[in-house]
Amino acid sequence: MARKPLTGWKATAAVSMSNYIDSGSIIAIATSLGFWSAAYFPDDDGTIAGLLAAFSSNAFGAAIGALIGGPLCDKYGRKFIYTYDLLLYALGGLIVVFTGNLPMLFTGFVIIGLAVGASVPAGWTYIAEFAPTGQRGKHIGATQLAWSFGPFIGYGLAAALAPLGLLGSRIIFAHLVVIALVTWYIRQGLEESETWQNAKGGAQAKPPSMWAAFRKLFNRRVNITALIFLAVIYTCWNQAASQNGIFLPTILSSMGYETLQTDLFSMLSWGFVIVSTFVFMNLVDRVPYRWHFLVGGLAAIVSWIILVFGPSDAAWTAFGYTIVWGLSAGPSAQAFYSVWSPELFATPYRSAAQGIVFFAVRLASGLISLIFPVILKWEGGLMIDGLILIGFLVVSTLVGTIGAPKTQGKSLEDIELERYGERVTNANA
């Protein structure tokens, strides 16, 4: 008996789970670095921890996966990625679960990162192409909601399993493997994107090679300006977000908090992220993009000001940062990037363009992850790191507010006609 195709919110939920296991893997790494360090690299000065974070789903691994997966998604179809990505993720997760040394751990982190990088741009693209025009932002916002639940549940599990030490960390990764495999099975009911099929030029049409697709992408000025705009707002914001995601326990530990306390603070923060994301989903298609983006950007800046300039021994500093950052994450640069990136590019290179930007974002996160934990151990290291990240947030907020596109409430087809002056297919891309 043939399976009934997934449509509507069921399809959105199935696709959005990429974001859950993306963020879930980052938090699994963040909460387990101390245990891995004690077991396999006890004399580390922060360098090995930085390398592991940099080559994981938080940075380089995901960056390379996105650069490969984005063009493949445009060449072979959105569903093609969903046939293999989570199987690769599960392989990496199993290697981590049963790892017995540092090389195995590193290998598992890299494989997970590659799978995450390949799947996330495909997810935003797929949802944007089938969601109703008036609810496109709301459907894409569901990916952010799933992304928010990853850390919320991850930190909750970390707090509950902390007494088990390294075994608890292995269990957290094991739960991600199970969810990845279940999601992979459910996704087999997804249909191919009709928008992609139409742009392809027919079932028998041969799509261009990956390199030809890249050349066509960069042959249009409208694409280049969109790439620069999106890369600036997302990369600058993500420098603060990635360090918050993977090194928040380290930051709070440097302020004197115990492991259980840092996990609970982090869980609290992500609880507020979930609330603010619900709000974002219900406002993104109605409130003008520009002002909605500005509110999120200003809140992110305020949160880091509280953390950097508030007294480290005062509970309100940690609580203030935790709450305000959580509230800022709903209307964040990542949330708007996930809405704007499918809108600003034509179908033949929609996913490849996202892959390029995602590559730049996670590459930058990887570079800063190499030095962030080292600086954090210096005298006044939190102040140095914090000021740098505040500067990035200011740039993201200014550029995003000024350059917010006027695409709200318009179909992808209408946006394409406005930006390119024609319907773009493989034949004229």
Got a second to check how far [X]'s [atom1] is from [Y]'s [atom2], nearest 0.5 Å?
X: Leu283; Y: Lys138; atom1: CG; atom2: NZ; answer: 10.5 Å
X: Leu94; Y: Thr99; atom1: CG; atom2: OG1; answer: 12.0 Å
X: Cys236; Y: Ile233; atom1: SG; atom2: CD1; answer: 9.5 Å

Do you know which two heavy atoms are closest between [X] and [Y], and how far apart they sit?
X: Val97; Y: Ala174; answer: CG2-N, 3.6 Å
X: Leu33; Y: Phe41; answer: O-CZ, 4.4 Å
X: Leu327; Y: Pro331; answer: O-CD, 3.6 Å
X: Thr183; Y: Met17; answer: CG2-CB, 3.6 Å
X: Gly296; Y: Ser328; answer: O-CB, 3.6 Å
X: Asp85; Y: Ala115; answer: O-CB, 3.4 Å

[Y] side chain reached by [X] side chain, heavy atoms, under 4.5 Å:
X: Val96; Y: Trp36; answer: yes
X: Phe218; Y: Ile356; answer: yes
X: Ile21; Y: Ile179; answer: yes
X: Phe272; Y: Leu268; answer: yes
X: Arg419; Y: Glu343; answer: no
X: Ile388; Y: Gln239; answer: no
X: Trp124; Y: Asn19; answer: yes
X: Asp414; Y: Thr133; answer: no

Could you check, using the six-membered ring where one of them is a Trp, whether [X] and [Y] have ring centers closer than 6.0 angstrom?
X: Phe336; Y: Phe280; result: yes
X: Trp147; Y: Trp270; result: yes
X: Tyr337; Y: Trp237; result: no

Q) Going through the distances and angles, do Thr12 and Phe130 end up as a side-chain contact (heavy atoms from CB on, under 4.5 Å)? A) CA-CA 9 Å; Thr12 295; Phe130 79 75; 3.3 Å; yes
Q: Taking atom types as modelled, find out whether Glu129 and Thr195 have a side-chain donor-acceptor pair closer than 3.5 angstrom.
A: no
Q. In terms of side-chain heavy atoms, does Asn223 have a donor or acceptor partner in Tyr420 at a distance below 3.5 Å?
A. yes
**Q.** Stepwise side-chain contact (heavy atoms from CB on, under 4.5 Å) test for Tyr126 and Trp196
**A.** CA-CA 9 Å; Tyr126 187 88; Trp196 176 80; over 6 Å; no
**Q.** Residues forming a ring pair (Phe, Tyr, Trp, His ring centres under 6.0 Å) with Tyr20, sequence neighbours excluded
**A.** none
Q) For Phe392, what residues pass the ring pair (Phe, Tyr, Trp, His ring centres under 6.0 Å) criterion, not counting sequence neighbours? A) none
Is there a donor-acceptor contact under 3.5 Å from the side chain of [X] to the main chain of [Y]?
X: Glu416; Y: Ser411; value: no
X: Ser276; Y: Gly330; value: yes
X: Tyr82; Y: Ala122; value: yes
X: Ser32; Y: Ile29; value: yes
X: Ser303; Y: Val324; value: no
X: Arg78; Y: Gly123; value: no
X: Gln144; Y: Thr277; value: no
X: His292; Y: Tyr289; value: no
X: Arg350; Y: Asp74; value: no

Q: For Gln354 and Val357, run side-chain contact (heavy atoms from CB on, under 4.5 Å): C-alpha distance rounded to whole Å, both residues' side-chain angles, the deciding distance at 0.1 Å, then the answer.
A: CA-CA 5 Å; Gln354 292 181 67; Val357 176; 5.9 Å; no
Pairs of donor and acceptor atoms involving the side chains of residues 397-406, under 3.5 Å and at least two apart or interchain, shall be tabulated with distances.
unit_1: Thr397; atom_1: OG1; unit_2: Leu393; atom_2: O; d: 2.8
unit_1: Thr401; atom_1: OG1; unit_2: Thr397; atom_2: O; d: 2.7

Q: In sequence, state the C-alpha distance, the side-chain angles, and the governing distance for Leu87 and Trp184, and then conclude on side-chain contact (heavy atoms from CB on, under 4.5 Å).
A: CA-CA 7 Å; Leu87 295 179; Trp184 173 84; 3.7 Å; yes
Q) Using 30° and 60° as the class limits, which term best fits the ring planes of Trp340 and Phe293: parallel, tilted or perpendicular? A) parallel
Q.
Counting neighbours of CZ on Phe80 that are heavy atoms of other residues, nucleotides or ligands and sit closer than 6.0 Å, is the number greater than 12?
A. yes
Q: Mark yes when over 12 heavy atoms from residues, nucleotides or ligands other than Trp291 sit less than 6.0 Å from its CH2; otherwise mark no.
A: no
Q) Can you list every pair that meets salt bridge (charged side-chain N to carboxylate O under 4.0 Å, His left out) and has a residue in residues 139-168, with sequence neighbours left out? A) none
Q | Pairing residues for Ser23 by the side-chain hydrogen bond (donor to acceptor under 3.5 Å, both in side chains) criterion, not counting sequence neighbours | A | none
**Q.** Contact list for residues 163-174, test side chain to side chain donor-acceptor pair (under 3.5 Å), sequence neighbours left out
**A.** Tyr40-Arg170
